[in-house]
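A quick write-up on the structure given underneath.
Lettering of chains follows the sequences in order, A, B, ..., and the numbering in each one begins at 1.
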Amino acid sequence: METSREGHWQTRWASERIAEAHLDRSREKFYAVVAYPGPSGFLHIGHLRGLTLADSLHRYYRMAGRSVFFPTGTHASGLPAVVFARKVQEREPTVVAGLKELGVAEETWGELEEPEAAARFLGRSYLELYRRLGILIDESAYVTTVDPDYRAFIQWQFHRLHDGGHLVQAPYYASVCPVCGPISVDPSETDLSLGGNAEIVEYTAVPFPLEDGRTLLAATLRPETVYGVTNLWVHPTEPLSVWHHGDRLYLVSRSAAHRLVEQHGGRVGAEEPIASLFGRRASVPFGDREVPILPSPIVQPTIGTGVVMSVPAHAPADWVALQALSAEERSKVPPVVPEIIFFPPDQPLSESERALLAGDGPPAARAARATGAHSLADTAALEAATERLYRLELAKGRMLPVVVSTLPVPEARERMVTSFGAAGEVGVLREFSEPVICRQGHEVIIRRVPDQWFLHYGDAAWKTTTHELARSLRIVPTEYGRELPSVIDWYDDRPCIRRGRWLGTPFPLDPAWMIEPIADSTFYPAYYVVRPFVASGRLHVSQLTDPFFDYVFLGRGAGEPSVSRSLSEEIRAAFQYWYPLDLNIGGKEHKRVHFPVFLFTHAALLPRELWPKGLLVHWWLVATSGEKISKRHIGTKGGAIPPLQEALTNWGADALRLFQTISASPEQDFEWDPALVDQTRERLTTVERMVREAFQDGGGASPELDAWLEDAAHQLIAHARSSFESLDLRAAAQAVYITFPTTIRRYQTRGGSPGPTLQRIADAWVRLLSPITPHLAEELGDGRFSTLVAAAPFPSPEAFAESLPARHREEYLERLEEDLLSVIKPARDRGEGSEELLLYVAAPWKTEVEQWLEAAPPGQAPTVAEIMQRAGKHPELASARGEIAEYAARRIPKLRNDPPLPTPTFDEAAFLRASEGYLVRRFHVGRVAVYLEQAASEVDPMRRRQRARPGRPAFYFVGPPRR
RNA sequence: GCCGGGGUAGCCGAGCGGCCAAAGGCGGCAGACUCAAGAUCUGCUCUCGCAGGAGUACCCAGGUUCAAAUCCUGGCCCCGGCACCA
């Protein structure tokens with residue numbers, strides 16, 4: 001089919017309004033959504049996967065008789081549109097290329113420099129591409145998350161979440177640029193010029209008071225090791241600053257002082273020359289002892305507080321630094337506490353863990369030795385030693401009883417942090433794991449926000465309900481279902497609003513804040529149901545009040561007074577018809593973000609009977625490098641990922657759709673490979689040709705062969721249906737695009753030709769093609785159905801008669817072909833062939849014997865004597881006793897590998913005779929002769945007949961080579 | 001370390017107790033078609049074979065079973081997520 005024809009069918013679907021949803025109580029409904037895309041740029045083929053899945057499912061269910069609803073929208077919230085608008089402003093080359101490709105007039109580009117306009121523009125461009133992909137979206141429900149009606153909906157949602165106690169306020173430590181304002185630290189964050197992958201590291205600030213009343217504040221990730229401190233490290237030259245906090249004076253590095261002010265208040269004071277500290281002593285918390293302060297190059301003033309507590313027993317770097325000291329300095333350091341963490345025997349160490357701790361000395365010394373870290377210059381080895389030892393101690397270590405009972409390390413750490421807090425100390429210092437620089441070149445910092453609002457996902461009761469919802473879900477793939485409970489458990493309170501420049505809905509409890517984008521996309525399938533009423537003008541935005549939504553979604557209250565009772569009820573009825581949502585479809589990136597919060601929100605807002613019913617997670621189409629497709633993979637050069645428009649022009653929608661569906665299971669990434677798409681398109685060409693041939697008039701085939709084809713069609717259709725029902729579109733595609741053609745090809749090689757049966761089957765086939773390759777289906781079905789194929793009923797297996805005898809006959813023949821082939825192969829390799837094929841059908845008594853053999857209990861081989869005993873009870877077999885014994889003796893040892901075949905339900909000889917023509921062609925023999933084993937006069941030059949078994953004829957190729 | 005997944009023929013990838021020497025695809029070989037190439041179609045593609053046979057196979061080692069790629073135990077390795085990491 002010409003790719004250009006696809007547009008024709010897209011127009012037809014639109015003009016016949018196939019995509020429009022109808023509330024039809026006489027029918028079951030199907031309602032699924034795909035995670036809507038964010039307007040970050042132009043769609044690429046990576047986006048296609050979820051859309052294709054969703055569309056094919058909706059198309060299947062529509063044909064299967066359900067009323068379907070497939071809306072979509074644009075998730076304009078957050079930064080993507082802001083970033084895109086800025087790129088337009090900058091006339092960034094890829095954006096310019098995309099705009100040109102979409103045919104956007106250059107004069108209008110200026111309008112797209114405004115983020116909301118950019119979002120709407122991109123949303124429309126997506127819709128256009130969906131159309132070109134043959135995706136049937138009900139556009140009357142189309143919405144972007146910055147539309148005023150959607151905002152009203154989100155405000156209602158937050159009011160209800162607040163009512164339910166799901167919003168809480170607490171201090172929060174947010175990333176912020178001191179000049180530009182709040183900023184999120186994320187690899188995709190384009191407001192950053194550096195450090196997108198940075199994580200927030202939480203240090204514990206441990207106070208070491210000096211004798212002069214000031215306190216050195218060390219930062220550590222392992223406060224529990226404070227019992228092993230032997231000294232403090234400071235930088236050899238960098239001065240420290242005074243940080244005034246309350247009535248206390250702390251000494252920390254200058255950069256730390258500033259960070260502490262952001263997070264804990266106070267002010268930065270004077271600088272203190274560092275050398276004055278060398279050799280002085282500070283007291284150790286939780287212990288009546290003092291340790292010396294020593295300079296060491298291991299201290300980096302920009303990390304932590306510039307003061308490091310040295311625990312040589314457990315920190316390899318400290319151990320090595322200690323060895324590097326001069327003898328004089330060394331003499332000031334108290335003896336190293338051998339160790340303060342032990343490994344209880346109930347958690348045996350693995351081999352690699354034992355290797356890390358081989359030898360003697362403190363654990364840090366052993367780890368340093370094991371990784372080859374001998375000096376401070378061995379940074380990589382030191383890091384490895386540190387990481388491995390810390391992981392191990394955290395996972396399996398316990399505190400020694402002489403220190404603080406035998407607490408596991410994580411608990412001991414917790415307790416330390418708490419006790420510092422209780423003592424009025426600072427407690428925690430947060431910083432980025434690597435420098436983060438904003439787009440304008442300023443350093444991004446972490447600042448305390450005292451009254452941040454959170455979604456209270458850490459709430460145990462809410463989790464319990466959400467777990468319940470999760471358990472009730474149908475989840476594909478099932479592995480995700482196993483993972484989901486731990487994801488829900490792992491969830492903690494999440495900040496849900498922020499200040500700053502991005503798109504979204506103002507937070508109703510404090511409109512100076514914006515709701516963040518993950519939180520405003522959790523309940524939207526409910527709003528899709530309402531949107532058409534707004535779009536059609538029957539409902540005005542001003543009417544979307546809390547009472548309105550309370551009534552529509554919750555059946556609570558009397559509704560919005562300005563909305564007529566009947567309209568309220570109509571919308572409520574629509575919601576009750578389409579809800580619960582049947583399926584939420586999204587990529588694997590949503591496993592930990594969108595899906596869980598989607599469930600949390602539904603669990604919080606809706607009663608059980610309206611809870612969603614399923615999740616379908618798909619993995620990605622990736623670039624040849626195995627990476628997720630991103631801007632830089634897209635281009636027109638070899639190996640690059642083509643822009644979607646270009647791919648559509650090159651291959652057409654159907655080829656792309658089938659490629660997506662058939663190339664991999666949903667739970668698998670697969671690589672973009674233009675050669676495979678080519679091949680997919682060719683497969684479609686073949687299917688098209690086969691269907692057209694099948695539609696022709698002709699002689700058909702024998703009733704037996706037709707019966708077989710009908711039976712095969714019955715099974716294939718049943719399999720396709722059940723595959724769609726179980727959401728396994730790949731299996732469905734294999735049935736329709738691989739097994740179906742293979743079956744028809746066999747029909748043809750077996751002598752079948754176009755005729756009434758094949759035509760009926762082709763009619764069914766065309767409809768089977770429709771969910772996945774709808775354009776091709778329409779093209780082939782043009783004029784053959786009373787409706788468009790998209791609206792025709794999905795074929796029913798019952799339209800094709802099952803025929804066990806026909807199925808068995810064909811299986812029988814295939815088995816014979818296999819046998820013949822296995823003999824012909826070695827012969828043919830020697831360049832031989834034959835003139836005549838002799839076939840022998842087993843004598844009837846063999847059927848009985850096979851049954852006796854089969855009747856033997858499993859695992860227990862029958863004996864010849866037993867068989868003969870049974871044969872004795874059948875006087876009519878008396879004459880064959882010798883043969884029976886011989887046959888049983890030959891069969892018994894082989895029963896394990898070659899069990900009795902099902903008894904043929906047809907006349908083997910008659911069937912073989914009817915198949916002579918086929919066998920002659922298939923095996924290039926001059927002729928085929930069929931004999932009965934028991935007929936005394938039959939030709940049997942090589943005494944083959946006795947090898948015949950019921951269901952498996954004996955045979956002999958006669959004569960000189962041929963082939 | 002924890003949670004989840006996985007290791008299948010040259011490669012990708014189905015299968016997840018007997019119908020499995022293992023679907024489908026790629027690659028390879030041969031044939032048909034073609035002036036030729038490409039495309040397409042057909043057959044073959046673990047080893048041996050003296051005619052339907054035998055041997056060896058689904059990471060490794062054990063085990064359960066009449067029967068294991070499929071179930072169990074232990075090991076090794078890989079992937080994803082999380083946690084962790086001055």
If you check every side-chain atom of [X], which of [options] has the closest atom?
| X | options | answer |
| --- | --- | --- |
| A:D819 | B:G80, B:C85, B:G52 | B:G52 |
| A:Q679 | B:G25, B:A14, B:G4 | B:G25 |
| A:R683 | B:A14, B:G25, B:G52 | B:G25 |
| A:E479 | B:G24, B:G52, B:G5 | B:G5 |
| A:S486 | B:C3, B:C85, B:C82 | B:C3 |
| A:F955 | B:A51, B:G80, B:A83 | B:A51 |
| A:R947 | B:C26, B:G52, B:G13 | B:G52 |
| A:I738 | B:G24, B:G52, B:C26 | B:G24 |
| A:Q668 | B:G4, B:C85, B:G13 | B:G13 |

Can you tell me how far [atom1] in [N] sits from the matching atom in [M], rounded to whole Å?
| N | M | atom1 | result |
| --- | --- | --- | --- |
| B:G38 | B:C58 | P | 38 Å |
| B:G62 | B:C82 | P | 39 Å |
| B:U70 | B:G6 | P | 13 Å |

Are a donor atom and an acceptor atom from the side chains of [X] and [Y] found within less than 3.5 Å of each other?
| X | Y | result |
| --- | --- | --- |
| A:R689 | A:T685 | no |
| A:Y747 | A:E810 | no |
| A:Y203 | A:T305 | no |

Check whether any side-chain heavy atom of A:V597 lies under 4.5 Å from a side-chain heavy atom of A:Y491, and answer yes or no.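 A:V597 reaches A:Y491 side chain to side chain.
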Positions of residues 743-753 of chain A (non-hydrogen atom under 4.0 Å from RNA chain B), listed by number: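 Within residues 743-753 of chain A, the residues near RNA chain B are A:R745.
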Report yes if a side-chain nitrogen or oxygen of A:R222 is closer than 4.0 Å to either non-bridging phosphate oxygen (OP1 or OP2) of B:C85; otherwise report no.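 Result: no.
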Does B:A14 have OP1 or OP2 sitting under 4.0 Å from an N or O in the side chain of A:S665?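 Yes, within the criterion.
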Hey, do the aromatic rings of A:F670 and A:F659 have their centres closer than 6.0 Å?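 Yes - the distance between ring centres of A:F670 and A:F659 falls below the 6.0 Å cut-off.
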Would you call the rings of A:Y480 and A:F595 parallel, tilted or perpendicular, where under 30° means parallel and over 60° means perpendicular?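 Judged by the thresholds at 30° and 60°, the geometry between A:Y480 and A:F595 is tilted.
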Would you check if A:F957 stacks with the base of B:A51, given a 5.5 Å centroid limit and a 30° plane limit, both strict?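 No; centroid distance or tilt outside limits.
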Passes salt bridge (Lys or Arg N to Asp or Glu O under 4.0 Å), A:E850 versus A:K846? Steps please. CA-CA 6 Å; A:E850 287 288 330; A:K846 284 186 174 173; over 6 Å; no
